[in-house]
Each structure stands twice: as structure tokens, then as C-alpha cells.
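A, B, ... follow the sequence lines: proteins, then strands. Residue 1 opens every chain. As the structure is a prediction and not an experimental result, all values here were calculated from the model.
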2 protein chains.
Amino acid sequence: MADIARLAGVSVATVSRALAGSTLVNAATRERVAELARSLNYTVNVAAKNLRLRQNRTVSVVVPFDADLRQPLSDPFFLSLIGNLADALTDRGHEMLLSRVDANRLDLAAQGVEAGRAAGLILVGQWRHHDQLNALAVRGLPLAVWGAALPGQAYATVGSDNVQGGRLATSHLWQQGARRIAFFGDWQLPEVGQRHQGYLQALEAVNARPAAKLMLPVPFVNSAIEAAVENLVASGTRFDAVFAASDLMAMTVISTLRRLGRQVPQDVLVAGYDDIPLAEHFHPPLSTVRQPLGEAGPALVAEVLAQIGGARPSSRVLPTTFHARESSQRA
Amino acid sequence: MADIARLAGVSVATVSRALAGSTLVNAATRERVAELARSLNYTVNVAAKNLRLRQNRTVSVVVPFDADLRQPLSDPFFLSLIGNLADALTDRGHEMLLSRVDANRLDLAAQGVEAGRAAGLILVGQWRHHDQLNALAVRGLPLAVWGAALPGQAYATVGSDNVQGGRLATSHLWQQGARRIAFFGDWQLPEVGQRHQGYLQALEAVNARPAAKLMLPVPFVNSAIEAAVENLVASGTRFDAVFAASDLMAMTVISTLRRLGRQVPQDVLVAGYDDIPLAEHFHPPLSTVRQPLGEAGPALVAEVLAQIGGARPSSRVLPTTFHARESSQRA
DNA sequence: CTGAAAGCGCTAACAC
DNA sequence: GTGTTAGCGCTTTCAG
């Protein structure tokens, strides 16, 4: 900037003003400075500017990972959510700092904000660390979490209506004639827990009681899912439908069932959760609960930005819809 | 920092040194300062530090998008690559600034670096903007691009051996007895172009000549893929195999063929490219060319960091392997 | 309309 | 060992 000032024969203050488009500066001078900057391929140093202005237009997005499995991030739903967040942030003139942290050290997630790198934090995935999240929120850190709304939470969540989703999927399966519907998913996780709630509610609504043997606390790990299907089949437990806590899980269930000689939907009906793009191109096309991904990014971004602006945390539950396709309907 | 200095009864310089773990400062003082910082939940402001040190441990990762379609980022392969990059960057102590830019305004991609927000740039996807990329590289911007190595390029690429991949897939299909193998993919895109090359080479190797009608320049858009399959079938052109430029495309091809009453692999053999995690759980399990995703992130990161350190751009081609599954083998 | 000067939060000579 | 000082690149009072 000093260079430009010298070349333009003005002070740095004027250059700063000119580049900021201030009307205080003579139009001619402004144009000259702008031209010079362009030809020198010069851009204002954002870091210095932010430092001076004590502002920050960056939001830290962190994806917690389960240290035990150190799985590379692979669920298409979360991956898409990240893409979505990038767009939403860009649309609102902010930048996105992306990182992954050990889910057991969630306090590290706040680092970006504490080190002044970012003005707020978006957490993609809640895991079972409700209390750690509360601790962050109590510190006054602008924070929005994708996940389930839980009682007694001090932080803001944005998530889909998991209970409703679980209910929709389960009662659909029931209506299709399924009477022994298995639930696949680790209900210790808040979101899955609520989907499980919905499952229970739907069964209760028709006066059915869920068999304990049909509820399998399966983690989001391929090998575990396959093993669960194998065990279920081997055990001889009768079941005529599966409601899986995610599409990815449902797909693995279907492919494992097929390997074991059971056809979907002829022998077993299956429904998933998420409605990832591939769901409708799967074979059979997968019935599933759609989470409104398109709203997710903007909602999370709006929430952190509101908090950065001083607002109190406020959670939001997005409605879910069920999309019946072939996997849950007998031909 | 000033606060801590006051509370500790020392100067800010000492606090700075203490927090940096300098041995120049008395161990007792150092501990006192560290304790104070901890209790105050204080962290050094990275932006200020970087400004002063004229250093920068951030890398900008940008994903170009096609403005015409403004598709939300959805290909699992690219999404996974981003996750991978995040990990690789974290492992090497850097942060990741993620953004998407209009593929027609690739010069904007450099903004992060020019504005001092980042020290280097990783571009995920090359599109057809070879020259724009060269222009960036010529400016001396540390840059690594995921894509195809092209003649006369001034920038560094990291990518899989697309020609080899195309050859492997095509000759496998040939060996399985396919004689009229269709190619699906827009070969204007460098990577797809090379896969197409491989396809041609494989056919040439067995003295077959590809029918123009069997080569379809289909973009990565679901509706276009479906339309292409429909047209191909409707036209009455005979074909007994499809090599698609990505797994996602292959899956859409399979699901569309099925809708039109053609079974895979009974009527048509299909092979894809990428080996996304879902490929093996698809029905039928998808034969595909694996790109070594695990190496991609680290390789791209190593390359930008090397350039930031002053090295000259140096491209890298990662080997591909073909994984034959049911979609390309007659029972 | 423009310039001089102060300061954002930090670190690195250079003294003591 | 520790403090003083200068300055990273910028914006913004406050004078003129």
C-alpha cells in the first residue's frame, strides 16, 4: 500500500480510503489509485485490515471425528452439508475455516475462535458430547451445532425433526404390512436416539410393542453393520423390515441382506434416513426420510452470525418428509 | 496479552516469550504466565502473530463450480478429497480455508492468497481452464491442482493416471466379451479426455475401432446422463458395455438402464471410475478404477507446501488399479 | 478533499 | 532474564 501511495503521489491514508471506495476522496484520485492497484495486482491485506478493525469475517467449521475409528470423513450427508455451508458462508460474505478434531477433545474446536482466527463456530455433528458443547456455549462462544435439540442445552442446534422422521418411516413400513420392524442405529447418539424415539412412538400408535431383539445399536461403521445383519439373520430372529438410521447404513444393510440371500423389498422392506442423492439411483431405489439439506447450511450460518451479532442462542428444528420408493414397497 | 503482563507483573515481551516457550525466560515466570493464560482462557491471536512474523500457516482450498448449473457440490469423490485435504493439512500443522468459486472466474481463486489470508492454493478440479491456471502459476502463486497432467503446463497437478485407468477398464470389458463398448463422459475435460484416450488405446490394442455413436460427451449432470442413456437405447444403437467417466455416472447409467428394461450385467456390462465407498455396496457391485484417494490429499498438500518453501512446481501422477466386481462380469 | 499520527495484538532486535 | 522500542499492513480520528 505504501508503494501505491508513493507511485500515486498521495499518502497511504488516501490510498486506503480510495480502495475502500470512500466518497471522501476525489474521484480522479480514486480512479488513479484503483488503476495502480489493479496493474500491480495488489489486494488489501485482509489480516491486517481485520486486526485494525477488530473484526473478523471468518467462521470456523469443525467436523468432530471419532478417535477410536479415525474414519476418514465419508458420509455423503455430512460431506454435502459442508459444501452447503461453504456456499451459505460465501453468500453472506464470510470465509470458512475447515478442520477436524477428535470428538473427545471438543474444547479444541473452539481454538479457531479463541485464537482470533474466526468469529464463530459451526460444529457438524454432535456425537455424545452434550456437556462439552454446553461448556463451550457458556463461555459465550458463538456456536451452532448440527444435531438434535436436547433438553437443558445452552448451545444452539439446527437439525431435522428426528422424532418425526423416525415416526414417518416406521409407520410407513407398518402400513406396508411389516410387523416385525428392526431398528438399526446407535441410539446413544442424540440424533439417532430421537429417530429411535419416533420408531417407538409409531409402534406404540398401533399398539405394537417392539421386540428388544429387533433393536440393534449399530455404529456407523460398515463392518459393524454387516456383522449386525449377519447376526440377526443367523440368530433366526424373524424380521420383515429394517429402519436404518442413515441411508449409507440402509444401503449396506440391503447389500448384506442380498449377499445372504434375502431380497429387498420382496423378503424385507428397508427405509433409510437422509435422502442422499444416490438414494433414488440405488437398487432398489431407497425409501428414506429427507433432511432438508438446502436449508441446513443457511440456517446454521444465520444462527452463528446472529450470535456473533449479539443474539442469544436459538435452536431450530427443520421438518422432515418421507419419500417412499421401491425398497419399502412390495411389488 | 497486556492484561496478563499486568497481572503477572512483567512486560508483554516476557509474556510473549513465555507463551512461546522460550528458554530465555525464567522457568518460574514462564509457569506463572502459562497458568494465568490458562485461567483467563487466553490464546495468542494468530492473526496478529502472523502479521508480525510475515508468515502464514493457512492454505486456501477452492472448489470451482460450473456457473451454468450451479450444482451443489455433490460428487462423493471430490467431497472425500476435501475431507482428506483437511486431514493432511491438519497433520502438517496448517489450516484450511475452503471456498467455491465460479469456474469462469478462476482468477478469484487466487484472492485468498493475494489478500494474505493464505500462503498457497489447492484447486480441486481443473475443468477446462488450463490457461487461466497457467496464468496463476506464472504469477508465482504456490498452486497445486487436482487434475490431469497436460502438455505445456506451468502449474503443478496431482492426479491419477487417467489414461491407464481408462485402458484398464476398457480392456477388462473387452476381455469379458463386450464388443461394443460405449464411453460416457465429456472428454473436453482434461481428466475425462485422458480416460477417453485410454479407452481408445485399449480398443486399438485389440484392433477394434470405436464407433462414433458409442462415444457420448455427457456432462456430470444426472438429467443429462439419463437422457443420454435413453437416447442411446431409443436410437437402436447396439451396445453391450458402458465405461463411465465416474462412479456416480455409472450408477445413474445402471439405474436408467434398469428402468428401460436392460439388466446389468446380463444385458450390458458397466464399469465406472473413482471407486467411491458406495461402489462395492451398489447393486450390482460396481467394477471401477480406483483413484488412490488416501495419497491424493497428502500429495497435494506436500506440493503446495514445497512451493511455498520455494520449490518449483512439480506434478505427480498416482497409479490407478482396476477393481472388477459384478457389474462388469456375466454370471 | 488530504495528510499526520496513533494503534489493532503481537514478536524480535537491542539494550540493560 | 527482562524491559524498551520499533514495526508487521492497515484504518481512522483529528487537523488542516
* Residues A:Glu95, B:Arg117: salt bridge by 4.0 Å N-O rule -> yes
* DNA chain D: B:Gly9 or A:Ala47, which has the more 5' nearest nucleotide? -> B:Gly9
* Structure fact -> Taken to the nearest whole Å, CZ/A:Arg54 to P/C:dC10 is 11 Å
* Asked: Do the non-hydrogen side-chain atoms of A:Arg92 and A:Leu305 ever get within less than 4.5 Å of each other?
  -> yes
* Once you round it to whole Å, what is the distance between C1' of D:dG9 and CZ of B:Arg117? -> 14 Å
* Interatomic distance, B:Asn56 CG vs D:dC8 C1' [rounded to whole Å] -> 13 Å
* Should A:Val33 and A:Leu19 count as side-chain neighbours, where that means a heavy-atom distance under 4.5 Å? -> yes
* Structure fact -> side-chain contact (heavy atoms from CB on, under 4.5 Å) with B:Val59: of B:Leu121, B:Leu300, B:Ile122, only one passes, and it is B:Ile122
* To do: Give a yes/no on whether any side-chain N or O of B:Thr29 is located under 4.0 angstrom from OP1 or OP2 of D:dG1.
  => no
Below 3.5 Å, can you tabulate the donor-acceptor pairs from side chains in residues 135-151 of chain A to any protein atom, sequence neighbours excluded?
| from | atom 1 | to | atom 2 | distance (Å) |
| --- | --- | --- | --- | --- |
| A:Arg139 | NH1 | A:Glu114 | OE1 | 3.2 |
| A:Arg139 | NH1 | A:Glu114 | OE2 | 2.4 |
| A:Arg139 | NH1 | B:Asn41 | OD1 | 3.4 |
| A:Trp146 | NE1 | A:Glu191 | OE2 | 3.4 |

* Asked: To the nearest Å, how far apart are A:Arg6 CZ and C:dG3 C1'?
  -> 16 Å
* To do: Let me know, please, whether A:Arg30 or B:Leu51 comes out on the 5' side of the other along DNA chain C by nearest nucleotide.
  => A:Arg30
* To do: Look at the side-chain N and O atoms of B:Tyr42 and state whether any lies under 4.0 Å from the OP1 or OP2 oxygen of C:dC10.
  => yes
* Asked: Given atom CG of A:Asn26 and atom C1' of C:dG3, what is their separation to the nearest angstrom?
  -> 15 Å
* Asked: Closest to the A:Val10 side chain: D:dG3, C:dC8, C:dG3?
  -> C:dG3
* Asked: Does any pair with a residue in residues 294-306 of chain B pass side-chain hydrogen bond (donor to acceptor under 3.5 Å, both in side chains), and if so which ones, sequence neighbours excluded?
  -> B:Glu303-B:Gln307
* Asked: Among pairs that include at least one residue of residues 7-33 of chain B, which meet side-chain hydrogen bond (donor to acceptor under 3.5 Å, both in side chains), considering only residues two or more places apart or in two chains?
  -> B:Ser11-B:Thr14
* Whole-Å gap separating P (C:dC8) and CG (B:Asp3) -> 12 Å
* If the sugar-phosphate is the primed atoms plus P, OP1 and OP2 and the base is the rest, what is the B/S/- string for nucleotides 11-16 of chain D, using protein heavy atoms under 4.0 Å? -> BBB---
* **Qualifying residues under side-chain contact (heavy atoms from CB on, under 4.5 Å), relative to A:Ser315, sequence neighbours excluded** => A:Gln153, A:Ala156, A:Thr157
* **Five-pair end axes of the helix from C:dC1-D:dG16 to C:dC16-D:dG1, angle between them (10°)** => 40°
* For the residue pair B:Ile82 and A:Leu98, establish whether any side-chain heavy-atom pair is separated by less than 4.5 Å. => yes
